[in-house]
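Below you'll find the structure, written out as structure tokens, and then a few comments.
Fair warning: this is a prediction, and the values are worked out from it, not measured in the lab. Each ligand, and each atom within it, is numbered from 1 in the order the structure gives. Every heavy atom of this structure was used, including side-chain atoms; hydrogens, water molecules and symmetry mates were not.
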Amino acid sequence: MKITGGGLVAQTLKRFGIQQIFSLPGHQILSVYDACLDLGLDLISTRHEVSTIYMAQALAYNRREPAVALIAGGPELTNALTGIAQAYYANCPLLVISGANTLQKRDKGFPQDMDQLQIVRPFTKWARSCHDIHRIPEYIATGYRHALRGRPGPAYVEIPYDLMESSCQESEITYPEKPSKLRPGPDPVALVEFANFLSECKRPVAIAGSGVLWSEAESELLEFTQKTQVPLLLTTGALAMPFPPDAVFGVGSLGASSPSLNAITEADLIILFGTRVNFLLGFGQAPFFSPSQRIVQLDIEPQEIDTNRPVDLAIVGDMQASLRVFNQLDITMPDFESWRNRLGENFAAFERQLQKFANSPQSPMHPMRLVKEIEALRSEDSLLVLDGANSILWALLASRPKPGGGLIISTLGDLEAIGAGVPQALALKRAHPDQQVILHTGDGSFGYGAMEMESAVRYGIPITVVVHNDKGWGMTRDMQVEFFGEDREIGNQLGLVRYDLLVEALGGHGEFVEHPEELKPALDRAMASGLPACVNVMVDPEPKSPGLMMFMLMEIMLGKETYFDQVPGWLRKLEGFGLDNQARKIMLRYVERMLHKDMA
Ligand SMILES: Cc1ncc(C[n+]2csc(CCOP(=O)(O)OP(=O)(O)O)c2C)c(N)n1
Ligand SMILES: [Mg+2]
């Protein structure tokens, strides 16, 4: 039987167990579309190419394996590039398949002709063009393998139009097996050393990041905490995996949560499980970290070890494999009971502080009231997507892991591109129609993917979008005011936009909420509507979150020192917003240090 190049693409993906393909049409890839009809693949077509990538990202986070985006090359590829770069800087495994001009038309001035490989190379682990129809399955398998193995990331396979449309005998094709996840093992001597570090410490804390997520090591991590009694913090990258909330002592980035900040600054041993010592961990520097703390870093990527902060012990290996071996060691641990109690009390006190805002009657709504009402509605298997900036920082204070769900922070990894929320939520709901999927997004960020609410209507994907509407690019507006002055605001206002009406016009359900008591009924109606829904909630732009203040502090730490005298003013704005005395003390210590340096 004859099969087209496009047919080989679809057939190989199907054999790998891939059901969903996210795509935007273009003539070069129509033969893949045609094959999807015959093979029963779930092809979702979008309104912007970057959405195809954002959707694949979310599915990859959820499934912990490469997901597929199919685009047609030329301007389709340039449009998709931000998503590919975002995945690259988040170590998110993707297989991007692109069409391209026929070989006969290349470099002659034909429309949509460009050197595609050149622009994707900096943002992919592996990028190739396939020129032999018989080798299409092999190239797809190789791309998949590069995306999956080692530290994950995006891979790119380009198949020119003439190859997509031509045919060969399927009997001539050997389909490769689906590449499996390989798990490089740790050095056993280093693991014994790790056990020694634990037996010598008094106040250990473990911080788990996306390395645990990609390795699917959540049960091994849980077993580690049960065996050692080391208190655990989850950074933003790890929150996408299902996890019991009562097994953690702090959630989110260092700056977004004072329990995490306390635990890190007071610990005498810090264990990093697949997490980068970047901005989210204060670069491992003072005033958050101290030189006297011992640090053990476990990572699958050897080049990641020692970034920003030299570590005392490095263990290179897959997280699941490393923890599995460690958990089998016969070790006696010191008693961490009082340390655990202290951190547990900190976390409980922090939760009580947040609770005060849950019932706040102020109008427009306090951002924390919005977060708390969403959190109260979440089911045990709820999938929550957070997009925006200030909106994310508020949500991270109170959003907790769920035993059967996950939490994706849209602005994945180090690139932190805003605007992926709608497509990401859509992909999750398509893959899990029976699970609750909620997107909590800033108004600015919603604008990027708003047109995908039409895709949601077209495919009947009932996501619930809650717009945190502060009528502006909130975080950049706040920074502008703090750094340049109250009267120097320009270009950051967005005005009052009825996003709810926009979504109604696209065929979805809309709710407009101006007062806090209207919120719960509106959310209930939106969820019961069975339609893609937008709950457009007016929130007070005035309160400042600890995360925002910490962001500005980090800017100063890395060179924006001229602004350090503003820090005491920022701290005053945090009064009552959940950043407790300990965290304030740490920041003040930092300011004093800077002042001293300035005078010296
Ligand atoms: C793609 C992209 N464009 C611009 C930025 C810069 N940026 C960071 S935060 C932000 C404002 C976000 O506004 P909104 O989504 O309304 O969230 P808010 O802070 O108001 O809650 C901007 C423009 C970015 N990070 N990524
Ligand atoms: Mg906003």
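Proximity of Val96 to Thr124: side-chain heavy atoms (C-beta onward) are nowhere separated by under 4.5 Å. The shortest distance between side-chain heavy atoms of Glu351 and Pro259 does not fall below 4.5 Å. Using a 4.5 Å heavy-atom threshold, the side chains of Ile264 and Leu281 count as touching. Contact check for Leu407 versus Leu386: side-chain heavy atoms found under the 4.5 Å cut-off.
Checked against a 3.5 angstrom limit, the closest N/O atoms of Gly474 and ligand 1 fall inside it. When only interatomic distances are considered, the shortest N/O to N/O separation between Gly444 and ligand 1 falls below 3.5 Å. Considering backbone and side-chain atoms alike, Trp473 places every N or O at 3.5 Å or more from each N or O of ligand 1.
Closest to atom 17 (O) of ligand 1, if we only count protein heavy atoms, is Ala389 N, 3.4 Å. Scanning the protein for heavy atoms near atom 15 (O) of ligand 1, the closest one is Ser445 OG, 2.6 Å. When only non-hydrogen protein atoms are considered, atom 2 (C) of ligand 1 lies nearest to Ile418 CG1, 3.5 Å. Among all protein heavy atoms, the one lying closest to atom 16 (O) of ligand 1 is Asp443 OD1, 2.7 Å. Ser391 N, 2.9 Å is the protein heavy atom nearest to atom 21 (O) of ligand 1.
For the Mg ion (ligand 2), the set of nearby N, O or S atoms under 2.8 Å includes none belonging to Ala389.
Judged by distance alone, the side chain of Ser545 and the main-chain N or O of Leu548 form a donor-acceptor pair under 3.5 Å.
Under the 3.5 Å distance criterion, with hydrogens and angles disregarded, a donor-acceptor pair is assigned to the side chains of His515 and Ser363. The closest side-chain donor-acceptor pair between Asn536 and Glu511, if any, does not fall under 3.5 angstrom.
Counting heavy atoms under 4.0 Å from ligand 1, residue Glu416 touches it through the backbone alone. Counting heavy atoms under 4.0 Å from ligand 1, residue Asp470 touches it through the side chain alone.
Within Asp470, OD1 is the N, O or S atom that lies nearest to the Mg ion (ligand 2). Within Asp443, the N, O or S atom lying nearest to the Mg ion (ligand 2) carries the name OD1.
Every atom of ligand 1 is numbered from 1 in the order shown, and the set under 4.0 Å from a heavy atom of Met475 is 19 (O).
In the displayed structure, Ile490 atom CD1 is contacted under 6.0 Å by at most 12 heavy atoms of other residues, nucleotides or ligands.
For the pair Gly419 and ligand 1, no heavy-atom separation below 4.0 Å is found. Ligand 1 lies within reach of Tyr448, whose nearest heavy atom is under 4.0 Å from it.
Within a 4.0 Å radius of atom 6 (C) of ligand 1, the protein contributes no non-hydrogen atoms.
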Run the salt bridge (Lys or Arg N to Asp or Glu O under 4.0 Å) check on Glu482 and Lys544 step by step: do they pass?
CA-CA 11 Å; Glu482 295 302 335; Lys544 304 296 171 244; 5.9 Å; no

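Rounding to the nearest 0.5 Å gives a distance of 7.0 Å between CD of Gln436 and CG of Asp381.
Two rings, from Tyr499 and Phe512, have their centers 6.0 Å or more apart.
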